[in-house]
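This report concerns only the one structure given below.
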Amino acid sequence: MKIAVCVKQVPDSWAEKKMGADGFLDRENVDAVLNDLDEYAIEEALRIVEANGGNEEDGIHCITIISMGPTRATEAIRKALSMGANDAILVSDPALAGSDALATSLILSEVIKKGGFDLVICGTESTDARMSVVPAMIAARLQWPQLTFAGKVEIDVSANKVAITRVTEAGVDAMSAAMPAVISVVEKINEPRYPSFKGIMAAKKKTIETHDLSSVGVSAQSPWSRVVDSALRPPRAAGIKVTDEGSGGDALVTFLAEKKLI
Amino acid sequence: MNRTFILADFFGESATKTTAELATAAARIGEVTAVVLAPIGKGAAMAATVKVGPITTVIVVESADFAKHGVPAMADALSQLVTTHAPVAVLIASYAMGKEISARVAVATNSGIITDAQDVAADRSSTQLVFGGSTTVHSAVNTPTAIITVRPKSVEASTIAVAPVVEKAAITIADSAKGATITTSQPPVKGGRPELTEANIVVSGGRGTDGNFAPVEAFADELGAAVGASRAATDAGWYPHSHQVGQTGRTVSPQLYVACGISGAIQHRAGMQTSKTIVVVNKDPEAPLFEIADFGVIGDLFAVLPQATQGVHSRKS
Ligand SMILES: Cc1cc2nc3c(=O)[nH]c(=O)nc-3n(C[C@H](O)[C@H](O)[C@H](O)COP(=O)(O)OP(=O)(O)OC[C@H]3O[C@@H](n4cnc5c(N)ncnc54)[C@H](O)[C@@H]3O)c2cc1C
Ligand SMILES: Nc1ncnc2c1ncn2[C@@H]1O[C@H](COP(=O)(O)O)[C@@H](O)[C@H]1O
């Protein structure tokens, strides 16, 4: 079974993010990390493979990390490899700077098409763009079944089937499909492992294949959408802080009343 | 005149206030057609509830595939209508399902997409709040149709009553949209409290409740508020996951958000920091959530909340 896991390098969630003059996120001046929601996708892929005979060197069970981003995204990819994925593909091209989700999903699905994968696993959201659309777009482009927001994944290799429970604000659905399929996993699904020392050492020797647009076979896309302008919002003005010495609740009620909230 | 589409939003079989919000925003761009995706035999009844907001036409599509195949089937129906009618904009509610439908319609019709708009202007440009609400961004779409998901409660809904023309469209869902099958469906449990994303006030509890949500619920009920929870509280099983506020939970933007025993991790803030007024009750004066609080009480929630509940109660009587 071959699994592709799509991961993105994103600015650290704790870092202060700013828009650059060009209308794109200023990625130069912030620490970049593996999107933490993608770690759950990697972990789930590892668990699926481990439950089905483990990572085999001959590639019968094989996890490939796929990412689109600047060349320094290899740092995030190494982390994914050190968790236990086998190899990786990075698509990087100056013409891709500022790509929107439609372009990203186009590139990723072209790479996936050529890989002969049975399953694609994504996170539910990248913590920078926060769109939650790329997995659905990949599924639409590949015309593969879409099983997203999975809180539980069950694979039946012999029947070539995947079943999930979809967990969203609209409730919980049980869904199933034949593979190949695209899934995304929510953060409740598992607890991602920390890379072991052995894993970190092994990752250094693993292959990261890099592609540009021409080797993916896609021409540069003019963006479907663009940022017109951006502005920092004024920070929230410092509020009132009281220490409860027996009347904290009453002070709160007075505040709410003054604000006409009650 | 330009034509716009909205995907009508329903709770059960009744159109929600979100439907009126979408229509209000779409009407700035052009005449509004609401698309109703319904189970077989329910279309007319559901369309009849689309009666608030500037909507001139309702297009009803009935299919058993919506419940059976979910997002891809709904997106396929909507894509076919978009291709036929070529609206300049399609507005959809920014929930997980709405975003995924939008994603697939964008691919199918090769249209630019903007998610989580807080506002939409007559020229289809959208306002978004990014980076945890610190930055306002205006975005534009370059294609003939713009697909825009709009955050519930961010646009003031028009309350005009209308009687739109109802049309029925016969659509065959493509096989490629039927790859996954929904075998069982469990709607979220609804208590007597208002819905989280629609509530004007949300009172949330975190690890500081130590599993006892009674004071949080009592204060919420006194205020007519919805109850939220931090991930620490939902992970511990103290409150259902559907009530989790934050990056991987719900995004809420009420008039008043009261956080009790919640430290204020960045992932929690991501779901509540656009609230109009933020109140924090925490016994640790260093809790990071105080930084964005309009009013903070340093104290034990088990003392502060009951007193506040009593205080609100006595002001009412
Ligand atoms: C990928 C990922 C996604 C995440 N998504 C979310 C999300 O969607 N939503 C979310 O909330 N979190 C999310 N988190 C978790 C987040 O990082 C925090 O761990 C979580 O928000 C902490 O919850 P808490 O504030 O209730 O707990 P804590 O951080 O433990 O804070 C508890 C607070 O309660 C106070 N306290 C204790 N007792 C009392 C008392 N008697 N009275 C008053 N105050 C008291 C303490 O001083 C403390 O400040 C996510 C994390 C990751 C890694
Ligand atoms: N540039 C990218 N490279 C690889 N995977 C991506 C990329 N962007 C998004 N994804 C995947 O799509 C998921 C959802 O991202 P988004 O739609 O941007 O919120 C992420 O969790 C990743 O699994």
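Labels below follow one simple rule: chain letters A, B, ... track the order of the sequence lines, proteins then strands, and each chain is numbered from 1. It should be emphasised that the depicted structure is a prediction, and the values quoted were computed from it without experimental measurement.
In this model, no donor atom of one side chain and acceptor atom of the other lie less than 3.5 Å apart for A:Glu169 and B:Thr197. No side-chain N or O of A:Glu187 forms a donor-acceptor pair with one of B:Gln247 less than 3.5 Å apart.
Residue B:His243: no heavy atom, backbone or side chain, is found under 4.5 Å from chain A. In this structure, the portion of B:Lys276 lying under 4.5 Å from any heavy atom of chain A is its backbone and not its side chain. For chain A, the nearby parts of B:Asp235 are the backbone and the side chain; heavy atoms of each come within less than 4.5 Å. Neither the backbone nor the side chain of B:Asp76 comes within less than 4.5 Å of any heavy atom in chain A. With a 4.5 Å cut-off on non-hydrogen atoms, B:Ala106 touches chain A through its backbone and its side chain both. Looking at B:Gln310, there are no atoms closer than 4.5 Å to chain A (heavy atoms on both sides), in backbone or side chain. Both the backbone and the side chain of B:Thr277 come within less than 4.5 Å of a heavy atom in chain A. Residue B:Leu223 touches chain A through its side chain alone, counting heavy-atom pairs closer than 4.5 Å. Contacts of B:Val71 with chain A are made by side-chain atoms alone, with heavy-atom separations under 4.5 Å and no backbone atom involved. In this structure, chain A has no heavy atom under 4.5 Å from any part of B:Leu196. If you measure heavy-atom distances from B:Ala75 to chain A, you find no contacts under 4.5 Å at all. Both the backbone and the side chain of B:Tyr95 have a heavy atom closer than 4.5 Å to some heavy atom of chain A. Of the atoms belonging to B:Thr234, heavy atoms from both backbone and side chain fall under 4.5 Å from chain A. Heavy-atom distances place no part of B:Ile101 under 4.5 Å from chain A, backbone and side chain included.
With contacts defined as side-chain heavy-atom distances shorter than 4.5 Å, the pair B:His241/A:Val167 qualifies. In this structure, the side chains of A:Leu261 and B:Val279 stay at 4.5 Å or more apart for every pair of heavy atoms. Side-chain contact between A:Leu37 and B:Thr248 is present, with at least one heavy-atom pair separated by less than 4.5 Å.
A donor-acceptor contact shorter than 3.5 Å is absent between the side chain of A:Thr243 and the backbone of B:Ile298.
Atom CD1 of A:Ile138 and atom CZ of B:Arg104 lie 11.5 Å apart (nearest 0.5 Å). In this structure, the separation between CH2 on A:Trp224 and CD1 on B:Ile147 is 13.0 Å, given to the nearest 0.5 Å.
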